[in-house]
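Notes follow the structure.
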Amino acid sequence: MNNSDFETSGIRKMIIKITGIDIFKIEQYEIDMLNEKEHHPVIIHFTSASYPDLAYQTAMTQAEFNRLCESDLTRFKAYFEKIALNANEGQRL
């Protein structure tokens, strides 16, 4: 997702407005029309409007990320919010 227009796209702006999740960088994502990269790891960097003090990151397979993106926005938001919440709770210990 590097060198793309995603950073300025209307889709990204809509996702941020509806979910409060801003995916600002995706590392190691490759276009894969033949599903040969489904187990390929990707690293997602994001911020959350609910937990704005930090930037977060998570790793998953490319197939998992694709399924998450194809899910409804409620599930999408819940997935990233849980990561942000867990990171914030870990900092309070």
Side-chain angles (χ1 to χ4, degrees):
M1 301 285 288
N2 297 332
N3 300 322
S4 73
D5 293 327
F6 180 72
E7 292 82 9
T8 59
S9 73
I11 301 257
R12 178 177 179 221
K13 291 174 187 173
M14 179 195 69
I15 292 169
I16 294 167
K17 184 175 182 176
I18 293 172
T19 68
I21 302 298
D22 180 7
I23 295 177
F24 61 87
K25 184 176 182 182
I26 302 171
E27 294 181 52
Q28 302 174 7
Y29 190 92
E30 297 179 26
I31 301 296
D32 181 24
M33 302 305 273
L34 301 175
N35 294 324
E36 296 172 338
K37 305 274 186 193
E38 66 181 31
H39 299 293
H40 184 78
V42 294
I43 301 169
I44 314 300
H45 300 265
F46 68 98
T47 59
S48 166
S50 298
Y51 306 97
D53 296 335
L54 299 172
Y56 307 93
Q57 72 179 32
T58 188
M60 63 184 72
T61 67
Q62 188 159 314
E64 290 169 327
F65 181 64
N66 289 341
R67 280 191 299 275
L68 187 60
C69 289
E70 292 167 357
S71 69
D72 64 71
L73 289 176
T74 301
R75 181 171 176 238
F76 178 91
K77 178 180 180 175
Y79 180 88
F80 289 105
E81 290 286 313
K82 183 176 180 182
I83 293 167
L85 174 64
N86 289 342
N88 279 286
E89 286 179 348
Q91 284 203 334
R92 291 183 203 142
L93 298 176

With clusters defined by side-chain heavy atoms of hydrophobic residues (ILVMFWY) lying less than 4.5 Å apart, directly or transitively, does I11 cluster with I23?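 As far as the 4.5 Å side-chain criterion goes, I11 and I23 are connected within one cluster.
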Side-chain heavy atoms nearer than 4.5 Å, only ILVMFWY residues, links allowed to pass through others: does that put F46 and L85 together?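 Shared cluster, yes.
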Of all residues at least two apart in sequence or in a different chain, which pass the side chain to side chain contact (heavy atoms under 4.5 Å, CB included) check with [X]?
X	result
A55	F24, T47
L68	M60, S71, F76, Y79, F80
D53	none

Quick check for you: to the nearest 0.5 Å, what is the distance between [X] atom [atom1] and [Y] atom [atom2]?
X	Y	atom1	atom2	value
M14	T19	CE	OG1	8.5 Å
R12	K17	CZ	NZ	15.5 Å
I44	C69	CD1	SG	7.0 Å
E27	Q57	CD	CD	7.0 Å
K77	R75	NZ	CZ	16.0 Å
E64	T58	CD	OG1	9.0 Å

From CA spacing to verdict: side chain to side chain contact (heavy atoms under 4.5 Å, CB included), N88, L54: CA-CA 8 Å; N88 279 286; L54 299 172; 4.1 Å; yes
Under 3.5 Å, side chain of Y56 to main-chain N/O of Y51, donor-acceptor pair present?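 Indeed, once roles are kept as given, a pair shorter than 3.5 Å links the two residues.
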Using only atom types and a distance under 3.5 Å, with no angle test, would you say the side chain of E89 pairs donor to acceptor with the backbone of N86?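 Not confirmed, E89 side chain does not pair with N86 backbone.
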If you take all heavy atoms of I21 and I15, which pair is closest and at what distance?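 Nearest pair, atom of I21 first, then I15: O-CG2, 3.8 Å.
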Quick one: are Q62 and P41 in side-chain contact, heavy atoms under 4.5 Å?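 The answer is no; the side chains never approach within 4.5 Å.
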